[in-house]
Protein chains: 2
Amino acid sequence: MTQIPLVPADAVGTAEFEPCSVTPVIDMIFSRWTTPILRVLSAEGPLRFSEIRDWLGTVTPKVLTQRLRQLERDGLITREEFGEVPPRVEYMITDLGLSLRPAFDFLGSWSDEHMPQVEVARLAYDGSGRPRPA
Amino acid sequence: MTQIPLVPADAVGTAEFEPCSVTPVIDMIFSRWTTPILRVLSAEGPLRFSEIRDWLGTVTPKVLTQRLRQLERDGLITREEFGEVPPRVEYMITDLGLSLRPAFDFLGSWSDEHMPQVEVARLAYDGSGRPRPA
DNA sequence: CTGTATCCCTTTTGATACTG
DNA sequence: CAGTATCAAAAGGGATACAG
């Protein structure tokens, strides 16, 4: 196995390593529904509330509103309200939101390439007598 | 979290989108503590239970055990038990686990580069009169 | 159409004490 | 040292109804 150090060898174990540095961004973009929202807005362009809901399928309006608000507050999407009747609101990805796409693309590729291996590992583990994770 | 389709229910088979394949891998590697565990094992090499706990700081033994079991079952880390007294157990990243490092590295870089912009967006939003996300 | 407001349940996480 | 067991707390979501 190839061991790739994150920090210079002389700094290993000297408290230079901060294992939680990615946690804030993980909390921001990997809560439920956020990734699909960002991906569909990246791929489809501006969408209305009901269009996003239809793309996601089973999300409830309360949760969808929560997620859209958070993404808007974080500057990852914009919300534009048109003064029409019936009301029309369009959500659009920002440049900041678009800058996350390499992460989603990598994870998508990784999934295609490696999830079968994960499935094999799970089957092997489950047949090994090791305790099931809670 | 379950798999979230990225295809409207009435457009299955006709859309150019595939199912949201990133959701399972997100569930796997972005639950609490898992990313720091993978990162510290990538950076520091094999570590004992108590060493990982010390790196993470505030994790409780119950939760740490859960996470280590899940990562082991998914094939991202290995667990080696030495028949010694007092007991010694070492956890080590696998090649499969190591293959996720580009994702963590990207998110770390993205955090360094863009989180200040997120902070600015949050302040602007909070001063704009828009409703606070729940 | 675009959300809000409630209620409630499940899952997740933590605190603490204990064992081989 | 390396975990388990038990209890409690909290957060995250979902179902449903309703409002502007």
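Naming: A, B, ... by sequence-line order, numbering from 1 per chain.
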Given atom CZ of Arg79(A) and atom P of dT2(C), what is their separation to the nearest angstrom?
10 Å
The nucleotide from dG14(C), dT13(C), dA15(D) with an atom nearest the side chain of Thr60(A) is dA15(D)
Considering every strand and a 4.0 Å limit on heavy-atom distances, what is the contact class for Arg53(B): base, sugar-phosphate, or nothing?
nothing
Does Arg130(B) make a cation-pi contact with Tyr125(B), if we ask for NZ or CZ under 6.0 Å from the ring centre and within 45° of the axis?
no
Between Phe30(A) and Phe104(A), how do the two ring planes meet: parallel, tilted or perpendicular, split at 30° and 60°?
perpendicular
Nearest-Å distance for atom pair CG/P, residues Asp27(A) and dT12(C)
15 Å
Considering only side-chain heavy atoms of Ser50(A), which listed nucleotide, dG3(D), dT2(C), dC1(D), is closest?
dT2(C)
Between Ser21(B) and Ser111(A), is there a donor-acceptor pair closer than 3.5 Å when you use the side chain of the first and the backbone of the second?
no
Are Arg32(B) and dG12(D) close enough that a side-chain N or O sits under 4.0 Å from OP1 or OP2?
no
Where the side chain of Arg48(B) is concerned, which of dG3(C), dC1(D), dC1(C) is the nearest nucleotide?
dC1(D)
Given atom CZ of Phe82(B) and atom P of dG3(D), what is their separation to the nearest angstrom?
12 Å
How many whole angstroms separate atom CZ of Phe30(B) from atom P of dT12(C)?
17 Å
Over all atoms of both residues, closest heavy-atom pair of Val118(B) and Leu96(A):
CG2-CD2, 4.0 Å
Write down the distance between CD (Glu51(B)) and P (dA2(D)), rounded to a whole number of angstrom.
8 Å
Rounded to whole Å, the CD-P distance (Glu80(A) to dG3(C)) equals 13 Å
Shortest side-chain distance from Phe49(B), nucleotide among dA15(C), dG3(D), dG14(D):
dG3(D)
Hey, which sits more toward the 5' end of DNA chain C by its nearest nucleotide, Ser31(B) or Pro131(B)?
Pro131(B)
Can you measure Leu56(A) atom CG to dG14(D) atom C1' for me and round it to whole angstrom units?
15 Å
Starting at CG of Leu68(A), measure out to CD1 of Ile52(A) and round the result to the nearest 0.5 Å.
5.0 Å
No-H, no-angle donor-acceptor pair, Lys62(A) side chain to dG3(C) base, under 3.5 Å:
no
Distance in angstrom units between Leu64(B) CG and dA15(C) C1', rounded
16 Å
Classify the nucleic acid contact of Tyr91(B) as base, sugar-phosphate or nothing, counting any heavy atom under 4.0 Å across all strands shown.
sugar-phosphate
Which of these nucleotides, dA2(D), dT4(D), dG14(D), is closest to any side-chain atom of Arg88(B)?
dA2(D)
